[in-house]
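Have a look at the structure below, then the notes.
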Protein chains: 2
Amino acid sequence: MRTEAREAAKRKFIDFLEKKKLRNTDQRRVIIDTVFDTDEHFTAEQLLDWAREKDRSVSRATVYRTLLLLTESDLLHEMDFGKPYKFYDPNYSDHPNHHHLICEDCEKIVEFDSEQIKTIEEEIGQKLGFTVKSQKLQLSATCDSLKRSGTCDGISCH
Amino acid sequence: MRTEAREAAKRKFIDFLEKKKLRNTDQRRVIIDTVFDTDEHFTAEQLLDWAREKDRSVSRATVYRTLLLLTESDLLHEMDFGKPYKFYDPNYSDHPNHHHLICEDCEKIVEFDSEQIKTIEEEIGQKLGFTVKSQKLQLSATCDSLKRSGTCDGISCH
DNA sequence: ATAAGTGCAAATCATTTGCAATGTC
DNA sequence: GACATTGCAAATGATTTGCACTTAT
């Protein structure tokens with residue numbers, strides 16, 4: 001994630017805590033530093049591992065409790081990729097309307113934006129009598145370069 | 001669901017079983033009858049209840065095992081609506097490309113199709129070097145009639 | 001001082017699985 | 001008869017929670 005975006009997200013979280021009269025603890029700081037130092041999707045367990053590398057005192061319970069605060073404050077989005085555990089996406093604060101393409105061949109996840117889709121979504125919502133507030137779009141796809149050349153090189157698949 | 005679509009889905013499932021040399025048991029028949037007699041989204045637990053009304057011998061284990069077969073054969077789609085349990089959507093065999101709009105006010109789920117979105121998805125996939133195989137789009141929205149008149153009447157919210 | 005936050009271990013709860021009995025082909 | 005399928009009850013595994021101690025404000 002870009003440095004400014006990352007720092008902005010951390011600041012927003014501190015603001016969120018203050019506004020709710022919640023406390024700015026060592027563990028919460030370590031966890032948000034970890035969350036916004038990556039632009040990968042991650043699981044609760046991965047976050048626990050990473051955070052513990054920085055501070056052994058971070059516990060699984062606090063990771064889950066902080067993940068809840070981060071999703072409530074809309075700085076982190078919960079994602080379901082069909083696995084029995086959740087993934088978390090730290091890129092929404094920088095790209096609030098991005099979508100996901102998941103490659104069935106290499107499991108790689110590509111993020112993309114589309115103004116066009118956003119516009120159509122709003123039109124459709126209006127036609128149905130609703131105001132669209134947010135969206136989740138996941139495309140499942142196969143890798144063209146794999147099919148053509150037998151390997152996952154080029155822009156696709158990595 | 002329309003009668004023909006419903007019957008077609010059941011037939012496809014029987015074919016699927018035969019092709020895989022799996023057996024056409026009483027319990028599986030009761031479960032698919034139940035699944036394709038509704039066009040609502042449902043949970044495993046609801047399906048168990050409904051199936052048991054028809055045949056007390058149906059067990060939770062068989063419901064889960066049959067749900068797996070139904071999703072594998074692509075006749076039923078698993079959906080994540082942010083709850084700790086999964087929902088199942090029986091309408092994909094009739095409308096393979098439909099999307100969902102979830103109303104934040106009344107929790108109603110509206111299904112809709114859009115050729116336009118499908119086209120854009122394919123274009124974007126191509127540009128990224130992939131062939132799009134399937135998609136999941138969920139819009140989260142608020143109800144206009146509720147905002148205007150204070151009640152959820154009209155086409156929205158029911 | 002006070003109330004929020006923490007780690008730990010136990011609890012929860014949807015889903016999965018081992019197994020002996022049963023049913024389908 | 002062979003082997004898939006079933007129900008049951010126990011296991012699993014991600015996430016949540018109660019509690020006594022600790023820490024931020």
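Throughout, protein chains are lettered first and strands after them, A, B, ... in sequence-line order, and every chain is numbered starting at 1. Computation of the quantities below employed the complete heavy-atom set of this structure, encompassing side-chain atoms and omitting hydrogens, waters and symmetry-equivalent molecules.
The only option from B/Asp89, B/Leu67, B/Thr66 that meets the side-chain contact (heavy atoms from CB on, under 4.5 Å) definition with B/Leu76 turns out to be B/Leu67.
Under the 4.5 Å side-chain criterion, counting only non-hydrogen atoms from C-beta, A/Phe36 is in contact with A/Leu75. Two residues are said to be in side-chain contact when any heavy atoms from C-beta on lie closer than 4.5 Å; B/Phe16 and B/Glu72 meet this criterion.
Distance, A/Arg23 CZ to D/dT22 C1': 11 Å, rounded to whole Å. In this structure, A/Asp80 places its CG atom 11 Å from P of D/dT15, rounding to the nearest Å. Between B/Leu48 atom CG and D/dC8 atom P the separation is 10 Å, expressed in whole Å. Per the geometry, CZ belonging to A/Arg56 stands 17 Å off P belonging to C/dT6, to the nearest Å. Taking atom OH of residue A/Tyr64 and atom C1' of nucleotide D/dG18, one finds them 18 Å apart after rounding to whole Å. Rounded to whole Å, the distance from CZ on A/Phe87 to P on D/dA14 is 11 Å. For B/Asp26 and C/dC25, the CG to P distance is 10 Å, given to the nearest whole Å. Nucleotide C/dT6 holds its P atom 10 Å from the CG atom of A/Asn24, rounded to whole Å.
Counting only heavy atoms from C-beta on, B/Arg65 has its side chain closest to C/dG18 among D/dT15, C/dG18, C/dT15. You'll find that the side chain of A/Ser59 is closest to C/dC8, out of D/dA24, D/dT15, C/dC8. When each of C/dT6, D/dT15, D/dC8 is scored by its nearest atom to the side-chain atoms of A/Arg60, the top-ranked nucleotide is D/dT15. Taking only side-chain atoms of A/Tyr85, from C-beta outward, the nucleotide of C/dT15, D/dT15, D/dA24 with the closest atom is D/dT15. Among C/dT15, D/dT6, C/dT6, the nucleotide with an atom closest to any side-chain atom of A/Gln27 is C/dT6. Out of C/dT15, C/dG5, C/dC8, the shortest distance to the side chain of A/Arg28 is found at C/dG5.
Distances shorter than 4.0 Å separate some side-chain N or O of B/Thr25 from OP1 or OP2 on D/dT6.
Not a single donor-acceptor pair under 3.5 Å links the side chain of A/Thr62 to the backbone N or O of A/Val58.
The 5' end of DNA chain C is approached more closely, in terms of each residue's nearest nucleotide, by A/Ala61 than by the other of B/Lys86 and A/Ala61. The nearest heavy atom of DNA chain C to A/Val58 and to B/Leu22 marks one nucleotide each, and the one closer to the 5' end goes with A/Val58.
Linking Ile, Leu, Val, Met, Phe, Trp and Tyr residues whenever their side-chain heavy atoms come within less than 4.5 Å leaves A/Leu68 and A/Leu22 in two separate clusters.
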